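Numbering starts at 1 and runs along the sequence shown. For clarity, every value in this text was computed on a predicted model and none was experimentally measured.
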Amino acid sequence: MDDPAARAALVARGPDKVATLASAVKDHVRPGDHIHFTSGLSRPQASCMQLLRTFAGTSPGFTLSCMSLAGPYVLLVSEGLVADVICAFHGDTLPTPGPNPLLQRTHAEGAFTLSCWSILSFTQRLLAGALGLPWMPTRSLAGSSMQANAEVLELDGTLAVRALVPDVAFVHAVAADRYGNVLLGAPFGDLCLGAWGARRGAIVTVEKVVEPEVVAAHPVHMRLPGNRVLAVAEVPFGAHPGPLFAEGLRDLVEPYAEDPDFWTGFRRACRDPGEMADWRSQWVDTTHDGYLARLGQERLELLRDRAAPQEPSPRPGPLRAGAAAPREAAPAAAGPAPADDPAPTEAEMAVVAGARALAARVRKLGLRTVLAGVGLSNLSAWLARADLAAQGTPLDLMVELGLYDYLPPLGDPLLVSNRTAATATGLGSVLDILGLALSATASAGILGAGQVDRRGNINSSVTADGRLLVGSGGSNDVASICRDVVVVCVQSKDRFVHEVPYVTAPGRPVSVVATQAGLYERVDGELVLSAVFGDLADGVARARDECGWALRVAGEVRILDDPLAHEVALIRAYDPSGWYVGRPSRR
C-alpha cells in the first residue's frame, strides 16, 4: 500500500482479523479453556464441527457453556473433549424435543458434570460477567431444585446468580467487516453477552465478510465490536442444521431455515454407535466445503426457499359488528370431526384441552400476553389465540429468545422460524422477553412437562433413576414470573407422579393441567380432577388409572365437549407432519 493516508486509515480501524475457521480455532483455543457458544437464533454449528476436527482424539478438558446442549454439540461431550457443561437445555430439539440417547449414556457413565439453569438465569449470569459484576439478582430458580446450586446466593429473600465468564466465545452472525465489527440479524437471543464478557474474546463465523461501509450502514445490527473479536471467518451456512435469521439484513444475505431431516438423522445416529461412526465420518471428518458439498446445492436452495416470507395471516383485534373473524380462526364446522376424518390422537385431545383452558384463564384474568413452551404447549397457545381472536380478544404470543406478538404459521409447528420472525411486532432478546415483558405485563404461561406431581410441580430435568431429560429451557422462568400457568401433556402413570424427583419449575402458579383425559385444577395446593372428555364414570376411571397418586375428584365434574372439527383441522394445519401430535391413522 503506497498511499500514506490509506495506510493510516487502515491502522486506525485496527488489525485485519479475517482468518480461516481452522486457523482461528488452532490459534485461539487452548486446552483447559472455558469455551462458550452464544445463543442467538442462529448458532455457531460450524465452529462446533471445527472443534471436533481440531481436538479429535485428545482430552483438552474444556468447560462448555451454552444455552442449549443440542445436536452436534453433544459430540463434544461424548467424545471426551468437554469435562464440565453449564446449560439451560440438554437434549434434542427437532423434530420433537426429547432426551438425547447418546448424551444420556455419556452422562450415566460419569464422563462429564452438568450444571443446570433456566434460560433467564443463565443469561443473567452472562450479563453479570459482561458487566464485570460478581453476582446478578434473579427472579427465577426460587423453589426449584436448581436453587441448591453452589452458584446461587440468597440474600434477604432475593436470589442472585454468580457471573459466568468464558475464556473464548463462539458467535455465528450474518456479516462482519475484516476488523471484526459484527452484524446480527434480529431477534438477538442472548445479545452475544458471552462474547462481551469473554476473557480473551470471540471467534466469529459469518455468512459474508463485508466492507466497513456496509457495517456502518446497519448500526442497529452492529451488536459486537471488533475490539471483542479475535478472528472472523467467512463460513456460509455456518449455522446449519439450524437456521440463519437475517431480519433487518436481508439486503446482505439470504436467510435459511432449519433442516429437520438433518436433525432427525443425527438423533437416529445417537441411538447406535455404529451408525454414529458413519454419521461422523460423513459430516465431521471433512472440511466445511466438503460438508456443504455433501448437503448439495439443491438441499441448500430448499432451505433458503423455506425461509422466504409468506403472506401473513390477519392480526387479531376487536371485531366490528358483522365483520368476519380472521381466516385462521374461522370454524369449519360446529360439531365433532367428520366420521371420515381420523379420530383425534391423544396428543390432539390434550392440545384442545390446553387451548380451551388457556383461553378461559385469559378471559377470566384479563391477560394479554402468553409465553409457550415448545411442542404441545405452543400448539395449544396457537389454538387458544385463534379462538380468542374469533371473539375479538387479542392475545400476544411471545418466544423467549426475542419474538413479541408473532403470527403462528400454517405448516410449520416449530416454536420459532424465519417465517414467524418476519411477522413479529417486536424483535428483541432474552432479556426483553423473559426479563422485561413477562415482568411488566399481565402474562400467562403454557408449558409442557416430562413429569408433573400432585402439587403441580414440573420435572423436565432428570428422572428418579438419574436419566437425563431435557432441562428447564425457559419453563422455570415462566413459572417464576408469570401470573398464571397452564400445563399441557399426555397423561400416563409415569408422567403423573406423587412427587417429582427434581423440581424444574415450581407448581405455585400452575392453575390448570390439561391432558387427553381432561382438566385438573389446583385446589388448596393440590391437583383435583374437574373435567373429563366423554362419559363421566369412564372418564374418571381413566384419569385415575393413569395417575400416580390417590387422585382427588371434584364434587361436580364437568363433561368437556369433544374436540370440534375446526379445532382438529387447525391443529393439523399447524402440524401437518404430526411431529408433535402424532400421525392419526384412517379408520
> Do the side chains of Tyr73 and Cys66 get nearer than 4.5 Å, heavy atoms only?
Replying inline: yes
> Rounded to the nearest 0.5 Å, how far apart are CG of Leu434 and OG of Ser140?
Replying inline: 7.5 Å
> Nearest heavy-atom pair of His36 and Ser65: which atoms, and what distance?
Replying inline: ND1-OG, 2.7 Å
>> Looking only at the side chains, is there a donor atom on one of Ser443 and Arg483 sitting less than 3.5 Å from an acceptor on the other?
In response: no
> Residues in salt bridge (Lys or Arg N to Asp or Glu O under 4.0 Å) with Arg299, at least two apart?
Replying inline: Asp259
Which atom pairs, donor and acceptor, lie under 3.5 Å between side-chain atoms of residues 183-204 and protein residues at least two apart or in another chain?
residue, atom, partner, partner atom, Å
Asp190, OD1, Cys192, N, 3.0
Asp190, OD2, Ser39, N, 2.9
Trp196, NE1, Arg223, O, 3.3
Arg199, NH1, Val165, O, 2.7
Arg199, NH1, Asp167, OD1, 3.4
Arg200, NH1, Asp33, OD1, 3.4
Arg200, NH2, His28, O, 3.0
Arg200, NH2, Asp33, OD1, 3.3
Arg200, NH2, Asp33, OD2, 2.5

> Which distance, rounded to the nearest 0.5 Å, do you find between the OH of Tyr406 and the OG1 of Thr425?
Replying inline: 12.0 Å
> So, do Glu258 and Pro241 sit near enough that their side-chain heavy atoms are less than 4.5 Å apart?
Replying inline: no
> When you look at Trp117 and Asn476, which way does the side-chain contact (heavy atoms from CB on, under 4.5 Å) test go after all the steps?
Replying inline: CA-CA 9 Å; Trp117 300 86; Asn476 177 274; over 6 Å; no
> With no hydrogens and no angle check, do the side chains of Tyr256 and Glu301 hold a donor and an acceptor under 3.5 Å apart?
Replying inline: no
> Can you tell me if His172 and Ser42 form a side-chain donor-acceptor pair at under 3.5 Å?
Replying inline: no
> Any donor and acceptor pair, going by atom type alone, linking the side chain of Gln45 with main-chain N or O of Gly238 inside 3.5 Å?
Replying inline: no
>> Closer than 3.5 angstrom, by distance alone: can the side chain of Arg419 be matched with the main-chain N or O of Ala257 as a donor-acceptor pair?
In response: no
> So, do Leu401 and Met67 sit near enough that their side-chain heavy atoms are less than 4.5 Å apart?
Replying inline: yes
> Does the pair Ser472 and Thr504 meet the rule for a side-chain hydrogen bond (donor to acceptor under 3.5 Å, both in side chains), with working shown?
Replying inline: CA-CA 6 Å; Ser472 168; Thr504 305; over 6 Å; no
>> Rounded at 0.5 Å granularity, tell me how far SG in Cys116 sits from CG in Leu69.
In response: 10.0 Å
> How far does CG of Leu407 sit from CH2 of Trp382, to the nearest 0.5 angstrom?
Replying inline: 10.5 Å
> So which heavy atom on Ala505 is nearest to which on Ser475, and how close?
Replying inline: CB-O, 3.9 Å
> Should Leu397 and Leu371 be marked as a side-chain contact (heavy atoms from CB on, under 4.5 Å) after you check the CA-CA gap, both sets of side-chain angles, and the distance that decides it?
Replying inline: CA-CA 6 Å; Leu397 301 173; Leu371 196 149; over 6 Å; no
> Looking just at side-chain N and O atoms, do Arg385 and Thr393 make a donor-acceptor pair shorter than 3.5 Å?
Replying inline: no
>> Which heavy atom of Leu244 sits nearest to which heavy atom of Val174, and what is that distance?
In response: CD1-CG2, 4.2 Å
>> I'd like to know whether the aromatic ring centres of His240 and Phe262 sit less than 6.0 Å apart in this structure.
In response: yes
> Does Thr264 use its side chain to pair, donor to acceptor, with the backbone of Pro260 at less than 3.5 Å?
Replying inline: yes
>> Once you measure the plane-to-plane angle for His288 and Tyr291, does it fall in the parallel (<30°), tilted (30-60°) or perpendicular (>60°) bin?
In response: parallel
> So does Glu213 have more than 12 non-hydrogen atoms from other groups sitting under 6.0 Å from CD?
Replying inline: yes
> Looking only at heavy atoms, what is the nearest atom pair of Asp477 and Ser121, with distance?
Replying inline: OD1-N, 3.9 Å
>> For the backbone of Thr286 and the side chain of Arg53, can you confirm whether one donor and one acceptor N or O come within less than 3.5 Å of each other?
In response: yes
> Hey, what do you get for OH (Tyr404) to CG (Asp396), rounding to the nearest 0.5 Å?
Replying inline: 4.0 Å
> Where the side chain of Thr205 meets the backbone of Val171, is there a donor-acceptor pair that is under 3.5 Å apart?
Replying inline: yes
> Of the non-hydrogen atoms in Ala175 and Val206, which two are nearest, and what is the gap between them?
Replying inline: C-CG1, 3.6 Å
>> Within the 4.5 Å heavy-atom criterion, are Leu164 and Ile86 side-chain neighbours or not?
In response: yes
> Quick one: are Ser115 and Asp84 in side-chain contact, heavy atoms under 4.5 Å?
Replying inline: no
>> Treating Asp27 as the side-chain partner and Ala24 as the backbone partner, does any N or O pair qualify as donor plus acceptor under 3.5 Å?
In response: no
>> Could you go through Tyr580 and Tyr574, starting from their C-alpha distance and side-chain angles, then the distance that decides it, and tell me whether this counts as ring-ring contact (aromatic ring centres under 6.0 Å, His included)?
In response: CA-CA 10 Å; Tyr580 297 154; Tyr574 287 142; over 10 Å; no
> Can you check whether Tyr179 reaches Pro15 side chain to side chain, under 4.5 Å on heavy atoms?
Replying inline: no
>> Tell me every residue that passes salt bridge (Lys or Arg N to Asp or Glu O under 4.0 Å) with Glu151, counting only those two or more places apart in sequence or in another chain.
In response: Arg125, Arg162
>> Taking Gly226's backbone N and O only, do any of them form a donor-acceptor pair with Asn181's side chain (distance below 3.5 Å, no angle check)?
In response: yes
> Is it the case that Asp432 and Ser429 place a side-chain donor and acceptor less than 3.5 Å from each other?
Replying inline: yes
>> Could you check whether Trp283 and Phe266 have their ring centres less than 6.0 Å apart?
In response: no
>> Using modelled atom types and a 3.5 Å cut-off, is there a donor and acceptor pairing between side-chain atoms of Glu207 and backbone atoms of Phe237?
In response: yes
> Which atoms form the tightest heavy-atom contact between Ala70 and Thr93, and what is the distance?
Replying inline: CB-CG2, 4.1 Å
> Any side-chain donor-acceptor pair under 3.5 Å between Ser377 and Ser380?
Replying inline: no
>> Is any side-chain heavy atom of Arg178 closer than 4.5 Å to one of Val232?
In response: no
> Under the side-chain contact (heavy atoms from CB on, under 4.5 Å) criterion, do Thr38 and Phe170 qualify, and how do the steps go?
Replying inline: CA-CA 6 Å; Thr38 58; Phe170 289 90; over 6 Å; no
>> Checking the side chain of Thr420 only, and the main-chain atoms of Ser417 only, is there a donor and an acceptor separated by less than 3.5 Å?
In response: yes
> When you measure from the side chain of Lys17 to the backbone N and O of Val229, does any donor-acceptor pair fall under 3.5 Å?
Replying inline: yes
> What distance do Asp405 atom CG and Thr423 atom OG1 have between them, rounded to the nearest 0.5 Å?
Replying inline: 8.0 Å
>> For Val399 and Ile433: C-alpha separation, side-chain torsions, deciding distance, then whether side-chain contact (heavy atoms from CB on, under 4.5 Å) applies.
In response: CA-CA 7 Å; Val399 177; Ile433 300 300; over 6 Å; no
> Any side-chain heavy atom of Ser47 within less than 4.5 Å of one from Leu21?
Replying inline: yes
